[in-house]
Amino acid sequence: MIIVMKPNASAKQIGHVLQRIEDAGFRAHISRGEERTVIGVIGDERHLDPDQWSLLEGVERAMRVLRPYKLASREFHRENTVIELGDVHIGGDQIVIMAGPCSVESKEQILATAQAVKEAGAVILRGGAFKPRTSPYSFQGLGEEGLKLLAEAREATGLLIVTEVMSPDQVPLVAHYADILQIGARNMQNYPLLRAVGETNRPVLLKRGMSSTVEELLLAAEYVLSQGNYQVMLCERGIRTFERVTRNTFDLNAIPVLKELTHLPVIADPSHGVGLWQHVAPVARGAVAAGADGLLVEVHPDPANAWSDGAQSLTPENFTRLVEEVVRVAEAVGRTVARPAPADTSTVAA
Ligand code: PEP
Ligand code: MN
């Protein structure tokens with residue numbers, strides 16, 4: 001159930017409603033909008049009668065949220081959630097481009113890629129340090145060493161870092177280095193992991209499981225939100241279908257559908273979505289035209305020798321072209337692309 005307070009509801013009235021919720025054995029989630037305060041009642045609400053709660057002082061209306069995901073639903077929160085990381089705002093008017101290699105391989109590789117994707121127009125650097133590989137014999141990532149290299153790349157370029165965390169016990173370590181915690185497709189329904197990132201204050205990039213429905217993705221997001229971390233962005237990265245000519249089938253439908261169902265930002269990953277570098281840019285353009293708030297793109301200085309996902313990785317040159325195209329598509333749909341901050345050229349006086 002959600003309780004919408006009157007625009008002029010007093011702090012005392014809000015406090016009273018919160019107390020009643022607690023007394024009834026439920027948890028409250030408060031969302032203070034520009035206009036009014038909305039309170040989510042969390043728990044098994046079958047025995048709650050919205051009509052009775054509507055009678056409390058300061059309450060405009062109480063209603064059940066019909067969707068199984070509540071905090072994630074647009075019924076609950078009409079305005080878009082905008083995740084603010086310094087100057088980078090994810091989910092607002094601007095489209096945010098995140099790019100970098102599938103895996104962090106070496107200092108030279110990550111620094112060169114970071115510089116290249118920044119020059120092309122990315123504002124967030126991606127790179128896996130803990131890699132969820134299908135085969136246990138494939139490269140599993142550099143681990144903490146990879147996180148340190150990402151932090152060095154952030155230091156050198158000013159780009160923010162998004163990187164994957166694979167298990168609850170890794171969360172403190174990864175959150176120490178990363179600006180955004182990525183939950184991979186294979187872990188979308190790893191509920192202890194979702195709860196663990198929900199207990200941090202780091203934004204979460206939650207990727208759709210390769211065989212998950214949109215509703216399952218939203219319920220996975222609800223796990224994170226229900227722990228008190230409301231900074232969640234959802235990522236469409238392709239689903240598994242009967243079609244084998246591409247690695248996955250990028251579900252373009254999911255983008256407008258998610259924008260309708262949820263207030264959370266929606267990011268598109270055309271790289272895993274299609275799996276073949278020559279088709280990444282067209283899918284990226286389509287995703288932006290369809291309403292994506294951001295892109296996650298794999299870029300490698302030498303795709304032929306990448307330690308993972310080389311076939312879908314763009315060279316810096318091809319990525320530069322992709323950004324130029326996306327800028328034009330963004331303009332056509334009334335949006336702009338966030339630009340990286342200019343390099344800090346200030347010098348310290350001797
Ligand atoms: C990745 O981003 O490199 C990755 C492993 O993605 P996914 O979880 O979508 O397969
Ligand atoms: Mn990858």
Side-chain angles (χ1 to χ4, degrees), residues 67-69 72-74 90-91 95 97-99 102-103 126 128 131-135 138 162 164-166 180-191 193-194 197 204-225 232-298 308-314 322 326 329:
R67 309 273 181 202
Y69 43 89
S73 102
R74 234 195 234 283
I90 306 168
I95 287 153
I97 302 184
M98 317 179 191
C102 179
S103 304
R126 64 145 291 144
K131 293 303 301 177
R133 304 304 301 281
T134 301
S135 164
S138 300
V162 57
E164 179 158 353
V165 55
M166 284 176 38
I180 302 173
L181 302 174
Q182 176 173 323
I183 303 291
R186 292 157 188 80
N187 269 318
M188 189 203 84
Q189 288 179 311
N190 180 339
Y191 300 117
L193 179 60
L194 297 175
V197 297
V204 174
L205 183 143
L206 176 61
K207 297 189 107 182
R208 179 180 181 182
M210 58 191 82
S211 303
S212 298
T213 63
V214 163
E215 184 163 295
E216 285 162 345
L217 171 60
L218 289 164
L219 282 164
E222 192 78 9
Y223 267 86
V224 182
L225 300 169
V232 178
M233 60 201 101
L234 306 170
C235 180
E236 165 58 38
R237 48 76 73 205
I239 52 175
R240 184 162 295 188
T241 68
F242 56 81
E243 182 55 71
R244 301 312 316 149
V245 73
T246 51
R247 181 178 179 183
N248 289 296
T249 298
F250 184 82
D251 183 6
L252 189 65
N253 302 359
I255 292 173
V257 168
L258 283 168
K259 292 302 293 180
E260 179 186 36
L261 296 178
T262 181
H263 51 89
L264 299 172
V266 176
I267 307 298
D269 172 352
S271 304
H272 294 86
V274 65
L276 299 166
W277 72 267
Q278 66 273 31
H279 302 307
V280 169
V283 175
R285 300 197 301 260
V288 169
D293 298 302
L295 294 172
L296 182 70
V297 181
E298 287 189 340
S308 60
D309 286 351
Q312 66 195 33
S313 297
L314 298 183
L322 175 150
V326 161
V329 174

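Side chains are part of it too, since the values below use all heavy atoms of this structure and drop only hydrogens, waters and symmetry mates. By convention here, the first residue in the shown sequence is residue 1.
- Put simply, CG on L205 and CD1 on I180 are 6.5 Å apart, with the number rounded to the nearest 0.5 Å.
- Side-chain contact between V214 and R208 is present, with heavy atoms from C-beta onward closer than 4.5 Å.
- Summarising the geometry of L252 relative to A290, their closest heavy-atom pair is CD1-CB, 3.7 Å, with the distance given to 0.1 Å.
- Here the side chains of L234 and L218 are in contact, with some heavy-atom distance below 4.5 Å.
- Contact check for R67 versus E215: no side-chain heavy atoms found under the 4.5 Å cut-off.
- The CE atom of M233 sits 10.0 Å away from the CG atom of L264 when rounded to the nearest 0.5 Å.
- Residue R240 places its CZ atom among 12 or fewer non-hydrogen atoms of other residues, nucleotides or ligands, all under 6.0 Å distant.
- At least one side-chain heavy atom of R186 sits under 4.5 Å from a side-chain heavy atom of M210.
- In this structure, Y69 and L261 have side chains that are in contact, with non-hydrogen atoms separated by less than 4.5 Å.
- R247 and D309 are joined by a salt bridge, as a carboxylate oxygen and a charged side-chain nitrogen come within less than 4.0 angstrom of each other.
- Taking both residues in full, the closest heavy atoms of N190 and M166 are given as ND2-O, 4.0 Å, listed atom of the first, atom of the second, then distance.
- Considering NZ of K131 and SG of C102, their distance stands at 3.0 Å, rounded to 0.5 Å.
- Using a 4.5 Å heavy-atom threshold, the side chains of Q312 and V274 count as separate.
- Scanning both residues, L276 and V245, for their nearest heavy atoms gives CD1-O, 3.7 Å.
- Considering every non-hydrogen atom in both G184 and K207, the closest pair reads C-CB, 4.0 Å.
- Annotation: side chain of I255 is in contact with side chain of F250 (closest heavy-atom distance under 4.5 Å).
- In terms of heavy-atom proximity, H263 sits nearest to S73 at CD2-O, 3.3 Å.
- With hydrogens and angles ignored, the 3.5 Å screen pairs no side-chain donor or acceptor of D293 with any backbone N or O of I90.
- Here the shortest heavy-atom pairing between M188 and L194 reads O-CD1, 3.2 Å.
- Using a 4.5 Å cut-off on side-chain heavy atoms (C-beta onward), I183 and V224 make no contact.
- Summarising the geometry, atom CG belonging to L206 is positioned 9.5 Å from atom CG belonging to L193; distances are rounded to the nearest 0.5 Å.
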side-chain contact (heavy atoms from CB on, under 4.5 Å) evaluation trace for L295 with L322: CA-CA 11 Å; L295 294 172; L322 175 150; 4.3 Å; yes

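- Taking CD1 from I267 and CD1 from I95, the interatomic distance works out to 10.0 Å, rounded to the nearest 0.5 Å.
- Among V197, L296, V204, the one residue that satisfies the side-chain contact (heavy atoms from CB on, under 4.5 Å) test with Q182 is L296.
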Chi angles and distances behind the side-chain contact (heavy atoms from CB on, under 4.5 Å) call for E298, H272: CA-CA 8 Å; E298 287 189 340; H272 294 86; 2.8 Å; yes

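- Expressed to the nearest 0.5 Å, how far CZ of R74 lies from CD of E260 amounts to 9.0 Å.
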